[in-house]
Amino acid sequence: MSEIELRELLVALAASLFARGFSVGSAGNISARVADGYLMTPTNSSLGRLDAARISKLDPDFVHIGGDKPSKEVFMHRAFYQARPDAGAVVHLHSTMATAVACLPDVDPVNPIPPLTPYFVMRVGRTMPIVPYYRPGDPTMEPAIHVAARDARAVLLANHGPVVCGATLTDAVYAAEEIEEAAKLFLLLRGTSPRLLTAPQVDDLLTTFA
Ligand code: 13P
(Lines give C-alpha, C1' and ligand atoms only; values in the text may rest on other atoms or scores of the structure.)
Protein backbone atom coordinates (compact mmCIF):
# COMPACT_ATOMS: atom_id res chain seq x y z
CA MET A 1 0.00 0.00 0.00
CA SER A 2 1.35 3.46 -0.88
CA GLU A 3 1.82 6.10 1.81
CA ILE A 4 -1.06 8.12 0.34
CA GLU A 5 -3.36 5.09 0.53
CA LEU A 6 -2.23 4.40 4.11
CA ARG A 7 -2.94 8.03 5.11
CA GLU A 8 -6.43 7.73 3.64
CA LEU A 9 -7.03 4.39 5.38
CA LEU A 10 -5.89 5.90 8.68
CA VAL A 11 -8.35 8.80 8.29
CA ALA A 12 -11.20 6.39 7.41
CA LEU A 13 -10.54 3.89 10.23
CA ALA A 14 -10.10 6.66 12.82
CA ALA A 15 -13.36 8.29 11.71
CA SER A 16 -15.13 4.94 11.98
CA LEU A 17 -13.79 4.41 15.53
CA PHE A 18 -14.89 7.93 16.48
CA ALA A 19 -18.35 7.56 14.90
CA ARG A 20 -18.97 4.40 16.92
CA GLY A 21 -17.86 5.96 20.22
CA PHE A 22 -14.52 4.17 20.60
CA SER A 23 -12.99 7.61 21.14
CA VAL A 24 -14.39 10.98 22.17
CA GLY A 25 -13.02 14.52 22.06
CA SER A 26 -9.33 14.43 21.16
CA ALA A 27 -8.67 11.13 22.97
CA GLY A 28 -6.65 8.38 21.38
CA ASN A 29 -3.83 8.24 18.87
CA ILE A 30 -2.84 5.95 16.03
CA SER A 31 0.43 5.30 14.20
CA ALA A 32 1.55 3.17 11.28
CA ARG A 33 4.94 2.18 9.95
CA VAL A 34 5.89 3.36 6.44
CA ALA A 35 8.96 2.64 4.32
CA ASP A 36 10.89 5.68 5.61
CA GLY A 37 9.48 6.10 9.14
CA TYR A 38 6.08 6.40 10.74
CA LEU A 39 2.75 8.19 10.32
CA MET A 40 1.11 9.38 13.55
CA THR A 41 -2.04 11.26 14.46
CA PRO A 42 -1.31 14.87 15.46
CA THR A 43 -1.60 15.87 19.12
CA ASN A 44 -5.00 17.21 20.20
CA SER A 45 -6.64 16.04 17.00
CA SER A 46 -10.04 14.34 16.96
CA LEU A 47 -9.97 10.85 15.47
CA GLY A 48 -13.26 11.86 13.85
CA ARG A 49 -11.81 14.70 11.76
CA LEU A 50 -8.27 13.89 10.65
CA ASP A 51 -6.81 15.45 7.51
CA ALA A 52 -4.66 12.98 5.53
CA ALA A 53 -2.25 15.72 4.41
CA ARG A 54 -1.66 16.97 7.99
CA ILE A 55 -0.96 13.60 9.64
CA SER A 56 2.43 13.78 11.39
CA LYS A 57 5.40 12.12 9.74
CA LEU A 58 8.31 10.82 11.82
CA ASP A 59 11.64 9.51 10.58
CA PRO A 60 12.89 6.02 11.61
CA ASP A 61 14.28 7.57 14.84
CA PHE A 62 10.85 9.05 15.67
CA VAL A 63 11.97 12.60 14.89
CA HIS A 64 9.13 14.82 13.61
CA ILE A 65 9.81 15.61 9.94
CA GLY A 66 6.43 16.57 8.47
CA GLY A 67 2.78 17.38 9.05
CA ASP A 68 1.33 18.69 12.31
CA LYS A 69 3.01 18.19 15.71
CA PRO A 70 2.66 14.48 16.62
CA SER A 71 0.82 12.93 19.55
CA LYS A 72 2.41 13.55 22.93
CA GLU A 73 2.45 9.74 23.25
CA VAL A 74 5.15 9.26 20.57
CA PHE A 75 7.29 7.37 23.11
CA MET A 76 4.39 4.96 23.82
CA HIS A 77 4.22 4.03 20.14
CA ARG A 78 8.03 3.87 19.95
CA ALA A 79 8.07 1.40 22.87
CA PHE A 80 5.81 -0.95 20.88
CA TYR A 81 7.72 -0.69 17.59
CA GLN A 82 11.06 -1.21 19.32
CA ALA A 83 9.81 -4.13 21.44
CA ARG A 84 7.95 -5.79 18.57
CA PRO A 85 9.60 -5.76 15.13
CA ASP A 86 6.38 -7.41 13.80
CA ALA A 87 4.30 -4.31 14.67
CA GLY A 88 3.13 -2.36 11.63
CA ALA A 89 0.70 -0.12 13.49
CA VAL A 90 -0.26 0.91 17.04
CA VAL A 91 -3.66 2.07 18.30
CA HIS A 92 -4.28 3.76 21.64
CA LEU A 93 -7.86 4.46 22.77
CA HIS A 94 -9.68 5.57 25.90
CA SER A 95 -12.58 3.27 24.97
CA THR A 96 -15.04 3.12 27.84
CA MET A 97 -15.21 -0.55 28.82
CA ALA A 98 -11.48 -1.25 28.51
CA THR A 99 -10.76 1.91 30.51
CA ALA A 100 -13.27 0.77 33.15
CA VAL A 101 -11.31 -2.48 33.52
CA ALA A 102 -8.12 -0.38 33.73
CA CYS A 103 -9.64 1.34 36.79
CA LEU A 104 -10.44 -1.86 38.72
CA PRO A 105 -7.93 -2.49 41.53
CA ASP A 106 -8.76 -6.18 41.95
CA VAL A 107 -8.14 -7.61 38.47
CA ASP A 108 -5.20 -9.84 37.58
CA PRO A 109 -2.46 -7.36 36.53
CA VAL A 110 -0.98 -9.84 34.04
CA ASN A 111 -4.22 -11.02 32.51
CA PRO A 112 -7.04 -8.63 33.46
CA ILE A 113 -9.47 -9.95 30.82
CA PRO A 114 -9.72 -13.76 30.66
CA PRO A 115 -10.10 -15.72 27.39
CA LEU A 116 -13.88 -15.44 26.98
CA THR A 117 -14.11 -15.47 23.17
CA PRO A 118 -11.97 -16.69 20.26
CA TYR A 119 -11.62 -13.34 18.53
CA PHE A 120 -10.17 -11.65 21.60
CA VAL A 121 -7.55 -14.41 21.81
CA MET A 122 -6.90 -14.36 18.04
CA ARG A 123 -6.45 -10.59 17.86
CA VAL A 124 -4.83 -9.87 21.21
CA GLY A 125 -3.14 -13.10 22.27
CA ARG A 126 -2.69 -14.68 25.67
CA THR A 127 -2.21 -11.61 27.81
CA MET A 128 -2.80 -7.86 28.04
CA PRO A 129 -0.83 -6.78 31.13
CA ILE A 130 -1.66 -3.66 33.10
CA VAL A 131 1.03 -0.96 33.09
CA PRO A 132 0.89 1.19 36.25
CA TYR A 133 -0.56 4.70 36.04
CA TYR A 134 1.50 7.50 34.50
CA ARG A 135 0.31 10.95 33.45
CA PRO A 136 -0.62 11.03 29.72
CA GLY A 137 2.44 12.14 27.79
CA ASP A 138 4.86 11.25 30.62
CA PRO A 139 7.90 9.83 28.80
CA THR A 140 9.01 7.92 31.89
CA MET A 141 6.37 5.30 31.07
CA GLU A 142 8.32 4.15 27.98
CA PRO A 143 10.51 1.49 29.69
CA ALA A 144 7.49 -0.09 31.44
CA ILE A 145 5.60 -0.29 28.14
CA HIS A 146 8.65 -1.63 26.32
CA VAL A 147 9.08 -4.47 28.84
CA ALA A 148 5.37 -5.35 28.79
CA ALA A 149 5.17 -5.21 24.98
CA ARG A 150 7.99 -7.72 24.57
CA ASP A 151 5.56 -10.42 25.81
CA ALA A 152 2.22 -8.96 24.71
CA ARG A 153 0.59 -7.38 21.67
CA ALA A 154 -1.50 -5.14 23.94
CA VAL A 155 -1.23 -3.41 27.32
CA LEU A 156 -3.82 -1.71 29.50
CA LEU A 157 -2.61 1.59 30.95
CA ALA A 158 -3.99 1.85 34.49
CA ASN A 159 -6.82 4.44 34.73
CA HIS A 160 -6.10 5.47 31.13
CA GLY A 161 -6.85 2.94 28.38
CA PRO A 162 -5.63 0.23 26.02
CA VAL A 163 -2.68 0.27 23.58
CA VAL A 164 -2.43 -2.47 20.97
CA CYS A 165 -0.31 -3.23 17.92
CA GLY A 166 -0.99 -5.24 14.79
CA ALA A 167 0.92 -6.36 11.73
CA THR A 168 -1.09 -3.84 9.71
CA LEU A 169 -3.15 -0.76 10.52
CA THR A 170 -6.36 -2.70 9.91
CA ASP A 171 -5.20 -5.52 12.21
CA ALA A 172 -4.38 -3.06 15.00
CA VAL A 173 -7.79 -1.37 14.70
CA TYR A 174 -9.57 -4.74 14.70
CA ALA A 175 -7.63 -5.70 17.83
CA ALA A 176 -8.57 -2.43 19.56
CA GLU A 177 -12.23 -3.15 18.78
CA GLU A 178 -11.95 -6.72 20.16
CA ILE A 179 -10.37 -5.38 23.36
CA GLU A 180 -13.37 -3.10 23.90
CA GLU A 181 -15.88 -5.90 23.23
CA ALA A 182 -14.00 -8.35 25.47
CA ALA A 183 -13.91 -5.73 28.25
CA LYS A 184 -17.66 -5.23 27.84
CA LEU A 185 -18.28 -8.99 28.18
CA PHE A 186 -15.93 -9.20 31.15
CA LEU A 187 -17.82 -6.41 32.95
CA LEU A 188 -21.22 -7.90 32.01
CA LEU A 189 -20.15 -11.25 33.44
CA ARG A 190 -18.43 -9.92 36.57
CA GLY A 191 -19.79 -11.65 39.65
CA THR A 192 -20.78 -14.74 37.63
CA SER A 193 -18.72 -17.82 36.81
CA PRO A 194 -18.54 -17.81 33.00
CA ARG A 195 -17.11 -20.73 31.08
CA LEU A 196 -13.68 -19.64 29.82
CA LEU A 197 -11.81 -20.98 26.83
CA THR A 198 -9.52 -23.76 28.02
CA ALA A 199 -5.74 -23.67 27.64
CA PRO A 200 -5.86 -26.19 24.74
CA GLN A 201 -8.58 -24.09 23.03
CA VAL A 202 -6.40 -20.97 23.39
CA ASP A 203 -3.36 -22.87 22.05
CA ASP A 204 -5.43 -24.13 19.10
CA LEU A 205 -6.52 -20.57 18.21
CA LEU A 206 -3.01 -19.17 18.46
CA THR A 207 -1.49 -21.89 16.29
CA THR A 208 -4.32 -21.91 13.74
CA PHE A 209 -4.45 -18.11 13.38
CA ALA A 210 -0.80 -17.25 14.04
P1 13P B 1 -2.60 13.27 21.92
O2 13P B 1 -3.74 14.18 21.51
O3 13P B 1 -1.35 14.03 22.22
O4 13P B 1 -2.43 12.16 20.92
O5 13P B 1 -3.04 12.59 23.28
C6 13P B 1 -4.29 11.97 23.32
C7 13P B 1 -4.29 10.81 24.27
O8 13P B 1 -5.04 9.88 24.06
C9 13P B 1 -3.43 10.85 25.44
O10 13P B 1 -3.40 9.61 26.07
Side-chain angles (χ1 to χ4, degrees), residues 6-7 9-34 37-59 61-83 87-104 112 124 128-146 148-149 152-166 169 172-173 175-180 183:
L6 189 59
R7 284 171 180 267
L9 181 64
L10 201 165
V11 171
L13 290 174
S16 168
L17 287 170
F18 187 85
R20 290 176 292 139
F22 284 83
S23 80
V24 299
S26 65
N29 35 69
I30 301 176
S31 66
R33 201 193 287 270
V34 288
Y38 300 88
L39 299 176
M40 186 166 294
T41 51
T43 191
N44 290 325
S45 57
S46 164
L47 294 190
R49 295 187 302 277
L50 294 172
D51 176 343
R54 294 178 61 178
I55 287 173
S56 314
K57 178 93 182 259
L58 310 179
D59 76 5
D61 295 321
F62 294 86
V63 176
H64 180 209
I65 53 169
D68 288 349
K69 186 178 172 201
S71 170
K72 62 179 160 301
E73 311 277 38
V74 169
F75 63 88
M76 183 169 85
H77 293 250
R78 181 171 62 192
F80 265 86
Y81 290 114
Q82 291 186 343
V90 175
V91 174
H92 165 54
L93 298 173
H94 300 172
S95 52
T96 310
M97 301 297 168
T99 305
V101 175
C103 295
L104 291 174
V124 177
M128 180 173 60
I130 295 186
V131 171
Y133 176 78
Y134 292 82
R135 169 177 49 75
D138 179 351
T140 65
M141 105 171 59
E142 181 165 359
I145 295 184
H146 185 93
R153 281 180 238 164
V155 302
L156 205 46
L157 306 177
N159 297 76
H160 185 169
V163 193
V164 63
C165 68
L169 178 57
V173 169
E177 295 185 24
E178 291 298 337
I179 289 171
E180 183 62 2

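Worth knowing before you read on, the calculation uses all heavy atoms, side chains too, and leaves out hydrogens, waters and symmetry mates. For ligands, and for the atoms within them, numbers begin at 1 and follow the listed sequence.
Using a 4.0 Å cut-off to heavy atoms of Ser71, the atoms of ligand 1 that qualify are 1 (P), 3 (O), 4 (O). Near His92, meaning under 4.0 Å from any of its heavy atoms, are these atoms of ligand 1: 8 (O), 10 (O). Residue contact check: Glu73 has heavy atoms under 4.0 Å from atoms 9 (C), 10 (O) of ligand 1. Residue-ligand proximity, Thr43 to ligand 1, at heavy-atom distances under 4.0 Å covers atoms 1 (P), 2 (O), 3 (O).
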Does the pair Val173 and Glu177 meet the rule for a side-chain contact (heavy atoms from CB on, under 4.5 Å), with working shown?
CA-CA 6 Å; Val173 169; Glu177 295 185 24; 3.5 Å; yes

Let's go through Val74 and His64 carefully: what are the C-alpha distance in whole Å and the side-chain angles of both, what is the deciding distance for side-chain contact (heavy atoms from CB on, under 4.5 Å) to 0.1 Å, and is it a yes or a no?
CA-CA 10 Å; Val74 169; His64 180 209; over 6 Å; no

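In this structure, Arg20 places its CZ atom where more than 12 heavy-atom neighbours from other residues, nucleotides or ligands lie under 6.0 Å away.
When hydrogens are left out, the protein atom nearest atom 7 (C) of ligand 1 is Asn29 ND2, 3.4 Å; that is the closest non-hydrogen contact.
The shortest N/O to N/O separation between Lys72 and ligand 1 falls below 3.5 Å. Any N or O atom pair closer than 3.5 Å counts here, and Gly28 shares at least one such pair with ligand 1. Backbone and side-chain nitrogen or oxygen atoms of Asn44 are examined, and one is located within less than 3.5 angstrom of a nitrogen or oxygen of ligand 1.
With sequence neighbours excluded, the residues forming a ring-ring contact (aromatic ring centres under 6.0 Å, His included) with His160 are His92, His94, listed by chain and number. Residues satisfying the ring-ring contact (aromatic ring centres under 6.0 Å, His included) test with Tyr38, not counting sequence neighbours, are Phe62, Tyr81.
Of all the heavy atoms of Ser26, the ones lying under 4.0 Å from any atom of ligand 1 belong exclusively to the backbone.
Between Arg33 and Leu6, the shortest heavy-atom contact is O-CD2, 3.8 Å.
At least one heavy atom of His160 lies less than 4.0 angstrom from ligand 1.
Of the possible donor and acceptor atoms, one in the side chain of Glu180 sits under 3.5 Å from a partner among the backbone N and O of Met97.
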